[in-house]
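All chains are named by letter (A, B, ...) in the order of the sequence lines, taking the proteins before the strands, and each is independently numbered beginning at 1.
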Number of protein chains: 2
Amino acid sequence: MRKAEQRVLQALLEGPKSYWRLLRDSDLTGQNFSQLLGDLLGRGFIESRGEFFYLTDLGKEFSSGLSPLEDLSCPACHGKTVIANGQFSGLLEEFQRISQGRPRAVSDYDQGYILPSDTVSRALFLYSRGDLEDREIIFLGDDDLTSLACALTGLPRRIQVIEIDRRLNDFLREKARERGWKNYEVLDYDARKPLPEELHGKFDVFFTDPVETLPGITLFLSRCVQALKGNGASGYFGLTRIECSLEKWKSIQENLLKMNFAVTEIVRNFHEYFLDPREIAERGYRIATNAPVKVGKPDVNFFRSSLVRIEAVGEPKPLITEEVDWKRDLYYDEEMWVTLP
Amino acid sequence: MRKAEQRVLQALLEGPKSYWRLLRDSDLTGQNFSQLLGDLLGRGFIESRGEFFYLTDLGKEFSSGLSPLEDLSCPACHGKTVIANGQFSGLLEEFQRISQGRPRAVSDYDQGYILPSDTVSRALFLYSRGDLEDREIIFLGDDDLTSLACALTGLPRRIQVIEIDRRLNDFLREKARERGWKNYEVLDYDARKPLPEELHGKFDVFFTDPVETLPGITLFLSRCVQALKGNGASGYFGLTRIECSLEKWKSIQENLLKMNFAVTEIVRNFHEYFLDPREIAERGYRIATNAPVKVGKPDVNFFRSSLVRIEAVGEPKPLITEEVDWKRDLYYDEEMWVTLP
């Protein structure tokens with residue numbers, strides 16, 4: 001029995017589930033998940049009633065011997081490995097205060113926020129890996145406001161945000177001004193342009209949540225890598241399974257090695273995204289329109305991503321340094337079912 | 001300030017620490033750690049009194065602006081992302097019962113046990129990633145008895161252990177006989193020999209805790225990879241920082257990609273090893289003999305390793321299939337400071 005199929009059946013043995021809940025736990029791309037579900041419907045193992053899927057008698061018979069899926073995720077850290085202790089215990093509340101009035105997500109830029117607690121967990125994670133205190137950190141794109149969570153700790157030596165969305169940049173600059181942060185800068189920057197000379201080789205750490213086309217992620221990672229100081233510098237980025245097949249993961253890892261990095265950690269489902277359920281249901285995202293049956297609005301945050309940490313082994317070598325003139329193909333490929341074309 | 005140096009200083013700002021405690025938290029190879037510590041002693045930033053290291057006044061001045069290191073590891077799962085819920089809640093106790101009378105670790109085979117709770121966490125981790133229930137699993141080397149923890153759940157379809165140590169194999173066979181496990185087999189196997197034909201392409205999952213020389217780990221992973229069924233099959237192995245530099249991590253990852261695998265997860269410090277403190281202090285391990293000052297017996301489990309999960313993207317391709325005649329160089333290279341030559 002194929003693994004992904006078994007997972008769906010075990011989840012339904014546990015009880016009826018929505019399309020979105022099954023998708024969330026599948027580790028498949030949207031396209032593969034939709035195919036799998038269509039196949040299980042076609043073979044008569046599952047059926048949909050209202051917004052939920054159920055095992056049929058045939059499906060129960062086929063699943064005999066399997067047990068209902070149990071969730072073993074740590075309830076304390078939610079699988080993120082770190083928690084907010086000591087000086088960090090008030091960080092989430094402070095982050096929620098400072099992020100009030102943030103600009104709304106813009107799907108044109110492939111934006112969508114992770115939960116505020118996940119943003120704070122990023123700062124905790126960086127700290128515990130020695131990548132926050134006294135570090136010079138660059139953020140390429142920051143609609144999740146991770147730079148603010150990091151700055152609120154007072155620990156980084158310098159923070160530089162480079163981001164295309166001027167609404168967001170104005171917001172970040174205003175917060176820095178209000179707080180009197182002298183070591184926090186924001187630059188209007190389109191990743192298709194070369195990285196400004198003065199940012200080359202200046203940072204200990206980068207953080208980015210890249211677009212997930214292979215050219216797009218190669219571009220984002222290249223810009224970030226060019227900003228790093230050298231051997232031992234580290235980088236972080238998010239990576240999904242839902243819009244990024246393992247074939248693409250493999251290609252990304254090949255590129256990382258070519259850029260002279262080793263992968264030191266990958267924490268699964270570190271990030272949970274809040275995507276507007278009405279938008280997902282109504283704006284023509286393929287994840288909804290190409291589902292095998294008509295599906296309702298998402299009832300869970302089905303879009304999650306892993307956190308990847310890399311570290312330079314030798315001199316960081318960006319694969320792209322010149323300007324590129326990519327248009328929508330920067331954001332969009334055939335695996336992008338939760339992105340508008 | 002170099003990152004590793006800062007980490008030692010911040011740890012000592014928190015309070016005096018033993019050599020072993022500082023080493024444990026350093027993310028460095030034994031050799032690099034010993035050099036770093038020698039350097040800090042030489043510059044007068046730290047001093048050793050009895051079995052502990054302290055910051056000197058000069059060191060405190062040099063560290064001004066840094067704050068004491070806080071431990072943010074999740075106290076519930078200890079950074080392993082999973083906990084024992086539901087049907088798994090009694091697993092640790094059962095595992096401890098079944099592993100009574102296990103053969104002692106043999107340093108000739110680079111053996112050393114992880115904590116029983118870590119062995120059980122491996123089984124939980126496999127389960128939560130869909131790699132336990134109804135799976136055919138092969139273990140290359142199993143001095144940690146992970147196959148027993150998995151078998152006790154009753155969930156795998158088949159378990160095959162291949163291991164060189166006959167004492168251990170007799171122990172495992174006896175336990176399987178006592179329990180009446182029909183789907184649990186043990187084969188006396190030296191990884192230098194080709195993988196027996198009848199095990200080629202038969203398993204969904206492999207688990208191994210390889211020796212950490214580059215030829216050694218390539219050999220172990222190749223044997224395991226050859227046992228896998230194909231696209232989508234997965235594998236797990238442990239990897240340290242203390243005996244395996246990031247240069248070597250990078251080479252290992254290059255080999256994994258060549259074998260047609262993507263790395264899907266790396267959980268830092270998943271395993272903590274219990275190594276006999278007296279043996280470490282007295283048997284001539286370089287980690288003790290090459291320390292910059294005379295050090296006492298380990299007061300913490302300083303030897304830890306990450307858990308790496310990989311998944312086949314296309315057909316698994318072992319890099320080594322023939323017999324090799326390596327001797328001690330299978331186990332030993334210049335980074336092996338916690339291994340006897």
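Atom NZ of K317(A) has 12 or fewer heavy atoms from other residues, nucleotides or ligands within 6.0 Å.
At a 4.5 Å heavy-atom cutoff, F125(B) makes no contact with chain A through either its backbone or its side chain. Of the two parts of R129(B), the backbone and the side chain both hold a non-hydrogen atom closer than 4.5 Å to a non-hydrogen atom of chain A. Using a 4.5 Å cut-off between heavy atoms, I252(B) makes no contact with chain A at all. For R268(B), the parts lying near chain A are the backbone and the side chain together; criterion is any non-hydrogen pair under 4.5 Å. Of the two parts of S234(B), only the side chain, counted from C-beta on, holds a non-hydrogen atom closer than 4.5 Å to a non-hydrogen atom of chain A. Both the backbone and the side chain of S67(B) come within contact range of chain A, each with at least one heavy atom under 4.5 Å from a heavy atom of that chain.
Atom CG of L72(A) is separated from atom NZ of K80(B) by 14.5 Å, given to the nearest 0.5 angstrom. The structure places NZ of K250(B) at 11.5 Å from CD1 of I310(A), a figure rounded to the nearest 0.5 Å. Here C74(B) contributes atom SG and N85(A) contributes atom CG; the two are 9.5 Å apart, rounded to the nearest 0.5 Å. Taking CG of N260(B) as the start and CD of E247(A) as the end, the distance is 10.0 Å to the nearest 0.5 Å. The line from OG of S63(A) to CG of D134(B) is 10.5 Å long, rounded to the nearest 0.5 Å.
A donor-acceptor pair under 3.5 Å is absent between the side-chain atoms of E133(A) and the main chain of Q10(B), judged by distance alone.
Heavy atoms only, all atoms of each residue included: A262(B) and W249(A) are closest at CB-CB, 4.4 Å. Here the closest non-hydrogen pair linking P75(B) and I83(A) is CD-CD1, 3.5 Å.
Between the side chains of E70(B) and Q87(A), at least one donor N or O sits under 3.5 Å from an acceptor N or O. With hydrogens and angles left out, the side-chain atoms of E265(A) and S306(B) include no donor and acceptor closer than 3.5 Å.
Most heavy-atom pairs under 4.5 Å with chain B, from the set A84(A), G232(A), C77(A): that is C77(A). Counting heavy-atom pairs closer than 4.5 Å to chain B, the top residue among D131(A), V263(A), V267(A) is V263(A). When each of S245(A), S251(A), G130(A) is checked for heavy-atom pairs under 4.5 Å with chain B, G130(A) comes out on top. Interface check for chain A: of the options V82(B), L257(B), V313(B), the most heavy-atom pairs under 4.5 Å are formed by L257(B). In terms of heavy-atom pairs under 4.5 Å with chain A, the best-connected choice from E311(B), R7(B), Q253(B) is Q253(B).
Put simply, the side chain of L246(A) does not reach to within 4.5 Å of the side chain of F261(B), judged on heavy atoms.
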